[in-house]
Amino acid sequence: MKETRQNKIKEIIEAKPIETQEELLEELKKEGFVITQATISRDIREMKLTKVLGDDGKQKYSMLKNFDTDVELKYKKVLSAGIVSVDNTDNLIVIRTVSGMAMAVAAALDNMDIQGFMGCIAGDDTIFAAARNKEFCKRIIAGIREVASDE
């Protein structure tokens with residue numbers, strides 16, 4: 001039952017933007033699942049779902065491109081441990097990191113599913129990242145700050 005439910009969760013979040021656990025619970029109920037909020041919370045934790053910024057600027061649940069239960073947690077830890085500050089000018093994001101961590105932080109960002117994120121170049125303690133436009137830039141920065149502060 002759990003595997004079936006978690007497969008359905010994956011289908012739902014890939015098909016439509018789900019912003020909250022309550023929305024996910026409602027979608028699962030429509031599919032015939034009788035579950036509690038606590039079950040949803042456990043599934044989200046076990047599946048290592050994360051929230052990413054959608055095209056509309058709202059956050060939604062998402063899975064990494066290549067789902068690996070440990071990878072997402074590792075990326076978040078790298079961001080949390082490595083990022084010192086985040087700033088921007090137009091659509092360029094400047095990320096300052098702990099000395100020697102820029103390459104690891106850049107690799108984590110490149111592999112996370114961040115809407116509007118074009119890519120980045122890293123030195124020793126500084127990363128220059130490009131956003132698709134100014135609007136995405138602000139959303140990306142907010143998302144990076146949220147993930148980096150989430151432990």
Side-chain angles (χ1 to χ4, degrees), residues 1-88 91-95 97-98 101-120 122 127 129-151:
M1 182 69 172
K2 179 166 100 171
E3 184 178 342
T4 304
R5 183 180 63 248
Q6 288 184 351
N7 285 334
K8 183 53 73 175
I9 289 171
K10 183 180 179 202
E11 284 178 32
I12 291 169
I13 66 171
E14 288 175 348
K16 53 177 78 171
I18 301 294
E19 194 171 357
T20 66
Q21 290 183 13
E22 291 78 19
E23 288 176 31
L24 184 56
L25 184 61
E26 288 303 312
E27 291 297 321
L28 286 166
K29 284 181 180 178
K30 288 178 190 175
E31 296 291 331
F33 291 88
V34 180
I35 56 173
T36 64
Q37 184 73 37
T39 302
I40 291 287
S41 293
R42 277 192 301 274
D43 284 340
I44 288 170
R45 209 171 27 255
E46 286 177 18
M47 295 173 70
K48 306 290 186 192
L49 298 182
T50 188
K51 286 191 175 182
V52 297
L53 291 171
D55 291 328
D56 59 0
K58 294 181 180 177
Q59 295 208 357
K60 64 179 184 172
Y61 282 107
S62 181
M63 298 179 76
L64 291 174
K65 296 172 196 169
N66 298 318
F67 181 63
D68 179 341
T69 55
D70 293 329
V71 172
E72 181 186 353
L73 182 58
K74 289 176 183 174
Y75 287 155
K76 287 181 177 184
K77 284 183 179 181
V78 166
L79 295 182
S80 180
I83 294 178
V84 174
S85 68
V86 182
D87 203 352
N88 76 292
N91 70 321
L92 181 65
I93 303 167
V94 180
I95 303 167
T97 70
V98 174
M101 288 289 293
M103 293 292 275
V105 170
L109 290 170
D110 282 338
N111 285 290
M112 296 177 80
D113 184 21
I114 303 172
Q115 286 283 14
F117 187 79
M118 304 296 293
C120 54
I127 300 167
R132 188 168 306 284
N133 58 42
K134 289 180 187 180
E135 293 300 314
F136 276 119
C137 191
K138 293 181 189 314
R139 295 177 197 161
I140 291 166
I141 288 173
I144 289 171
R145 286 182 175 146
E146 181 178 330
V147 170
S149 67
D150 228 14
E151 270 297 310

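- The distance from atom CD1 of Ile44 to atom CG of Leu49, rounded to the nearest 0.5 Å, is 6.0 Å.
- Of the inter-residue distances, the one linking Ile40 atom CD1 with Glu26 atom CD reads 10.0 Å to the nearest 0.5 angstrom.
- The distance from atom CD1 of Ile12 to atom CZ of Arg5, rounded to the nearest 0.5 Å, is 11.5 Å.
- Side-chain N or O atoms of Asn91 include one that pairs as donor or acceptor with a backbone N or O of Ala131 at under 3.5 Å.
- Of all heavy-atom pairs between Ala81 and Val98, the closest is O-CG2, 3.6 Å.
- Residues passing the side-chain hydrogen bond (donor to acceptor under 3.5 Å, both in side chains) test with Thr36 are Thr39, sequence neighbours excluded.
- Counting only heavy atoms from C-beta outward, the side chains of Val147 and Tyr75 never approach each other to under 4.5 Å.
- The two residues Ile93 and Cys137 make their nearest non-hydrogen contact at CG1-SG, 3.5 Å.
- For Glu23, there are no salt bridge (Lys or Arg N to Asp or Glu O under 4.0 Å) partners, not counting sequence neighbours.
- Ser41 and Gln21 make their closest contact through OG-OE1, 2.9 Å (heavy atoms, listed as atom of the first residue, atom of the second, distance).
- Contact of the Lys2 side chain with the Arg42 side chain is not registered, since no non-hydrogen atoms from C-beta on lie closer than 4.5 Å.
- If you take CD on Glu31 and NZ on Lys8, they are separated by 4.0 Å, rounding to the nearest 0.5 Å.
- Taken from OH in Tyr61 to CG in Leu24, the straight-line distance is 7.5 Å, to the nearest 0.5 Å.
- Applying the side chain to side chain contact (heavy atoms under 4.5 Å, CB included) criterion to Ala15, with sequence neighbours excluded, gives no partner residue.
- Looking at every heavy atom in both residues, Ala108 comes nearest to Val78 through CB-CG1, 4.4 Å.
- In this structure, the side chains of Arg145 and Ile83 stay at 4.5 Å or more apart for every pair of heavy atoms.
- Taking 4.5 Å as the limit, some side-chain heavy atom of Glu46 sits within range of a side-chain heavy atom of Gln6.
- In this structure, Ile9 and Glu27 have side chains that are not in contact, with every pair of non-hydrogen atoms separated by 4.5 Å or more.
- The only member of Leu79, Val84, Leu109 that meets side-chain contact (heavy atoms from CB on, under 4.5 Å) when paired with Ile95 is Leu109.
- Heavy atoms only, all atoms of each residue included: Asp110 and Cys120 are closest at OD1-SG, 3.3 Å.
- Summarising the geometry, atom CZ belonging to Arg139 is positioned 13.5 Å from atom CD1 belonging to Ile114; distances are rounded to the nearest 0.5 Å.
- Annotation for Gln115 and Phe136: closest pair O-CD2, 3.6 Å, computed over non-hydrogen atoms.
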